[in-house]
Student: 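The structure is given below, and queries will be raised subsequently.
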Amino acid sequence: MSQREGSLEDPQADDSVSLLPHLEAKIRQTHSLARLLTKYAEQLLQEYVQHQGDPFGLPGFSPPRLPVAGLSAPAPGHAGLPLPERLRLDAAALAALPPLLDVVRRHQAELNPRVPRLLRRLEDAARQARALGAAVETVLAALGAAARGPWHEPSAATAAAAAAASAAGVFPAKVLGLRVCGLYSEWVSRTEGDLSQLVP
Amino acid sequence: SQKKGALRDLKCVTNNLQEWDCSWKAPLGAGRGTVYEVCIEDRPRSCYRLEKTNIKIAALSPGDHEIRINSLHDLQSSMSKFILNERNVSLVPDTPKILNLSADFSTSTLHLTWNDKGSLFPYHSNVIWEIKILRKESMELVKLATYNTTLSGKDAVRHWSWTSDMPLECATHHVGIRRYIDCPHFSGRKEWSDWSPMKNISWTPDSQTKVFPQDKVILVGSDITFCCVSQEKVLLAQIGHKNCPLIQLDGGNVAIEIHNISVSANSGTNVVFTTEDNMFGTVVFAGYPPDSPQKLNCETHDLKEIICSWNPGRPTALVGPRNTSYTLFESFSGKYVKFKRVEALTNESYQLLFQMLPNQEMYNFTLNARNPLGRSASTILVNITERVSPHAPTSFKVKDINSTAVTLSWHLPGNFAKIYLLCEIEINKANSIQESRNVTVKGVENSSYLVAVDKLNPYTVYTFRIRCSTETFWKWSKWSNERKHLTTEA
């Protein structure tokens with residue numbers, strides 16, 4: 001079918017885009033997934049904090065939001081961007097997260113080997129971020145708004161940089177893990193918000 | 001009392017007992033150009049003319065020696081007599097010199113080397129070295145140690161190490177050394193040498209703020225000092241949830257002292273230094289050395305593989321890469337096996353499999369336990385043929401021989417060819433008391449066994465089951481499955 005299934009690219013296009021049923025279903029499904037993962041991400045963040053020891057989780061403990069290689073927090077102006085651009089940023093972030101979550105899981109496997117639930121949640125989060133990112137890419141493609149250029153392959157450099165930060169000592173690695181879990185939570189909930197505007 | 005123009009305070013010092021360096025105070029009014037003539041009375045041809053107020057002479061033999069010193073100035077002469085005895089001489093050793101001062105920052109250890117210059121000293125003597133360690137630019141004395149050696153007539157390079165309570169990265173450390181020679185052959189006064197020139201060691205901080213020590217493993221109850229090497233002003237320091245008083249070091253560096261540290265959670269105890277807009281930290285793992293493995297037991301199910309199991313004893317609070325590693329070593333064969341950890345299991349089972357060796361029945365096992373805080377071991381010597389706990393018999397079958405006798409057959413995995421098995425047959429008959437019969441069978445390898453059971457009642461329902469052990473009893477196997485059997489009619 002050559003005609004793109006409802007295009008979001010035309011800036012003058014009316015916001016209420018009439019979408020084909022199966023695309024609408026795909027968007028609903030992706031949105032539901034994002035909403036579910038938002039809850040899981042919050043649980044992951046709480047569980048992570050719980051197993052790093054005081055002062056993690058104590059009021060007043062707020063380590064600086066250090067930059068994480070290959071991934072930044074949603075920009076303050078994210079909400080003001082056009083929807084396709086937002087979804088493309090969401091997809092890119094979700095693509096960058098799995099290798100970072102893997103680095104955190106490997107570190108926690110050494111630090112908290114007797115907390116299998118945390119390790120499992122970190123493993124699930126990497127898989128789920130990958131799945132949600134792919135689903136968002138699919139929606140974008142169906143809407144003719146896919147990212148120009150190759151699919152966001154998570155760069156090995158991202159993981160390498162994170163691993164290096166991890167190797168700088170246990171405390172920096174704990175803080176990195178906190179940061180990555182926080183970013184995961186932020187981007188999943190951001191994606192859910194952005195998708196909610198597509199759900200008719 | 002001395003006459004006018006008389007010399008005063010003749011003092012002699014030696015640093016090697018072979019030469020005395022004697023000096024005196026010039027007579028009152030003696031100006032430039034005064035010439036002194038020094039004569040040692042009972043030493044032939046021992047007069048010296050000099051224009052300074054000290055002279056080096058070969059050491060005098062024990063006993064009193066008369067020294068005459070004539071001072072000649074502007075045609076005036078004045079003569080002073082002294083009685084010189086070894087007892088009035090001071091042994092002041094040469095000032096030592098540090099050859100090298102190095103630091104192992106990872107272990108906070110300073111390593112000092114110096115040459116004891118033993119070749120310069122005629123006798124074997126005990127030497128007391130005093131080593132002082134000062135910290136910070138304010139040169140606070142943090143350690144004064146003594147170290148005893150013996151001069152052997154030859155030069156020897158001496159080594160001394162010191163582990164600092166504070167990480168060496170935290171502040172500059174200065175080291176000096178002096179010595180005291182306790183020479184039994186010398187009756188004079190013995191004094192300390194001067195301090196050596198100080199050597200210092202410091203860590204060259206890069207731009208990043210750092211916290212030390214990094215990720216250290218220590219014994220519960222220890223005292224430890226943490227520091228933050230920082231250009232930014234540190235406002236707060238915490239260990240876990242507790243705030244700690246800051247100790248100011250040089251520059252922006254600060255330290256905190258922790259006493260009697262409590263046991264850490266698995267992920268360690270966090271130590272955090274907070275500046276205006278940043279936070280730096282480290283983690284310390286306070287735990288215990290491994291207990292001696294308890295209830296070490298080694299047995300076999302099949303005389304092929306030995307299973308050693310144990311109880312680790314007190315938890316060490318250390319997990320992951322800091323966890324206790326176990327190695328089972330068998331001394332007769334020299335073989336060993338390492339324990340592979342499965343920490344995810346809540347109740348981790350501690351056992352190791354050791355392949356039996358051909359023609360070896362006696363096994364002398366040592367189970368070594370080790371973690372970053374220490375090591376321990378337990379041993380056990382076993383004759384493995386006396387430690388057989390067979391698997392439960394399988395493929396248990398009953399077949400008729402006649403109306404009052406049946407054969408029982410079963411399979412027992414294992415290499416029992418060299419031993420005899422003792423098996424117990426349990427025979428149950430409805431509404432009757434349970435009967436138990438023991439049989440001894442020659443062991444075989446991985447095979448089935450067959451025994452006959454007689455004196456049964458015809459046309460009667462029996463329930464049979466069997467379990468085995470070895471003739472030198474160790475443990476019964478579990479029971480086989482039960483088999484119901486109706487004997488044939490008479």
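In the text below, chain A, chain B and the rest are named by the order of the sequence lines, each starting its count at 1.
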Student: Does atom OH of B:Tyr336 have more than 12 heavy-atom neighbours, drawn from other residues, nucleotides or ligands, at distances under 6.0 Å?
Tutor: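 Atom OH in B:Tyr336 is not crowded, with 12 or fewer foreign heavy atoms closer than 6.0 Å.
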
Student: Does atom CZ of B:Arg375 have more than 12 heavy-atom neighbours, drawn from other residues, nucleotides or ligands, at distances under 6.0 Å?
Tutor: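 No, CZ of B:Arg375 has 12 or fewer neighbouring heavy atoms, counting only those of other groups under 6.0 Å.
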
Student: Write down the atom of A:Pro172, the atom of B:Gly281, and the distance for their closest heavy-atom approach.
Tutor: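 Scanning both residues completely, I find the closest heavy atoms to be CD-O, 4.4 Å.
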
Student: Using side-chain heavy atoms (C-beta onward) and a distance below 4.5 Å, is A:Val170 in contact with B:Phe285?
Tutor: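 The answer is yes; the side chains approach within 4.5 Å.
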
Student: Could you tell me which non-hydrogen atom of A:Phe171 sits nearest to which non-hydrogen atom of B:Phe280, and how far apart they are?
Tutor: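 It is CE2-C, 4.0 Å.
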
Student: What residues of residues 263-273 of chain B make heavy-atom contacts with chain A at a cutoff under 4.5 angstrom?
Tutor: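 Residues of residues 263-273 of chain B touching chain A at under 4.5 Å: B:Asn266, B:Ser267, B:Gly268, B:Asn270, B:Val272.
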
Student: Can you establish whether the number of heavy atoms outside B:Phe105 located under 6.0 Å from its atom CZ is more than 12?
Tutor: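 More than 12 heavy atoms, drawn from other residues, nucleotides or ligands, come within 6.0 Å of this atom.
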
Student: Please list, chain by chain and in numerical order, all residues satisfying side-chain hydrogen bond (donor to acceptor under 3.5 Å, both in side chains) with B:Arg322, sequence neighbours excluded.
Tutor: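 Scan of B:Arg322 (side-chain hydrogen bond (donor to acceptor under 3.5 Å, both in side chains), adjacent residues dropped) gives none.
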
Student: Rounded to the nearest 0.5 Å, how far does CD of A:Glu110 lie from CG of B:Asn323?
Tutor: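 The CG atom of B:Asn323 sits 11.5 Å away from the CD atom of A:Glu110.
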
Student: Mind listing the closest non-hydrogen atom pair of A:Pro64 and B:Asp277 along with its distance?
Tutor: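 Taking every non-hydrogen atom into account, CB-O, 4.2 Å.
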
Student: Can you list the residues that meet the side-chain hydrogen bond (donor to acceptor under 3.5 Å, both in side chains) rule with B:Gln355, with sequence neighbours excluded?
Tutor: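 By the side-chain hydrogen bond (donor to acceptor under 3.5 Å, both in side chains) rule, B:Gln355 matches B:Glu305.
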
Student: Does anything in residues 234-252 of chain B reach chain A? List residues with heavy atoms under 4.5 Å apart, or say none.
Tutor: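 Heavy-atom contacts from residues 234-252 of chain B to chain A are B:Gln238, B:Gly240, B:His241.
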
